[in-house]
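The block underneath contains the structure these notes are about, expressed in structure tokens.
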Amino acid sequence: MSDNPQIRAVLEYVEAREAELGEQAGEIRSRIEDLTVRLGELDAESENLRITRQTLLGIPAPAPADEPAPPDVPDHPAYQQILTAFADTGKPLRARDLCQALDLPIVPKNTEGIRSKLKRLVTRGILTEPEPGLFAQPRP
């Protein structure tokens, strides 16, 4: 150390301050380690909850025992338009009538396509065919 009392005082202050800062840094590092561990635990629990939510949302709701399960309607928009047309008219329709209701040109290609879709809806139990070529919504 220096023989100069002023320098000695400054050096003692610097050493004391270094020790104090080292102690504070050690405490903060320890807290960071604890917080890192806790953060990992929270992330793991959050991931488990996300997986649980996904699993629960994937479970199909049971159909009420008194009511039959609703028929499986195809996702294609054409089927939605067909069912909407039946709901709007409220009466049985033929493929040709349905083409008119959907503003489709009355050509064999369209009527056969619609007839095919109607037959598919009948096989799925969504529509009925009370007589050949006449399609209706089932009565409750």
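If you're wondering where the values come from, they're calculated on a predicted model, not measured in any experiment. Reckoned from all heavy atoms, side chains included, excluding hydrogens, waters and symmetry mates.
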If you link I, L, V, M, F, W and Y whenever their side-chain heavy atoms are under 4.5 Å apart, who else ends up in the same group as Leu21?
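None, because no other hydrophobic side chain comes under 4.5 Å of this residue.
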Output yes when a side-chain donor or acceptor of Ser46 lies under 3.5 Å from a complementary backbone atom of Leu42, and no otherwise.
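No, the answer is negative, given that no donor and acceptor are paired below the 3.5 Å cut-off.
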Tell me whether Ile82 is reachable from Val122 by hopping between hydrophobic residues (I, L, V, M, F, W, Y) whose side-chain heavy atoms are closer than 4.5 Å.
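Yes, because Val122 and Ile82 connect within a single hydrophobic cluster, where side-chain heavy atoms sit under 4.5 Å apart.
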Membership question, hydrophobic clusters at under 4.5 Å side-chain separation (ILVMFWY): are Ile126 and Leu102 in the same one?
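Yes, one cluster joins them.
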For [X], check side-chain contact (heavy atoms from CB on, under 4.5 Å) against everything at least two apart and list the hits.
| X | answer |
| --- | --- |
| Leu57 | Arg53 |
| Pro60 | none |
| Thr128 | Pro130, Ala136, Pro138 |
| Val10 | Val14 |

Rounded to the nearest 0.5 Å, what separation is found between the CD1 atom of Ile51 and the CG atom of Leu56?
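Here the rounded value is 12.0 Å.
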In Å and rounded to the nearest 0.5 Å, what is the CZ to OH distance from Arg124 to Tyr79?
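Going from the CZ atom of Arg124 to the OH atom of Tyr79 covers 7.0 Å.
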Would you give me the side-chain donor-acceptor pairs under 3.5 Å for residues 83-98, sequence neighbours excluded?
residue	atom	partner	partner atom	Å
Thr84	OG1	Gln80	O	2.8
Thr89	OG1	Ala85	O	3.1
Thr89	OG1	Phe86	O	3.4
Arg94	NH1	Pro132	O	3.4
Arg94	NH1	Gly133	O	3.3
Arg94	NH2	Glu131	OE2	3.0
Asp97	OD2	Arg94	N	3.3

With sequence neighbours excluded, residues passing salt bridge (charged side-chain N to carboxylate O under 4.0 Å, His left out) with Glu41:
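Applying salt bridge (charged side-chain N to carboxylate O under 4.0 Å, His left out) to Glu41 gives Arg38.
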[X]: side chain to side chain donor-acceptor pair (under 3.5 Å) partners, not counting sequence neighbours:
| X | answer |
| --- | --- |
| Glu20 | Arg17 |
| Gln6 | none |
| Glu129 | Lys119 |

Quiz: residues 22-37 side-chain donor-acceptor pairs under 3.5 angstrom, not counting sequence neighbours:
residue	atom	partner	partner atom	Å
Thr36	OG1	Ile32	O	2.7

Inter- and intrachain pairs under side chain to side chain donor-acceptor pair (under 3.5 Å), touching residues 98-113, at least two apart
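Found Glu112-Arg115.
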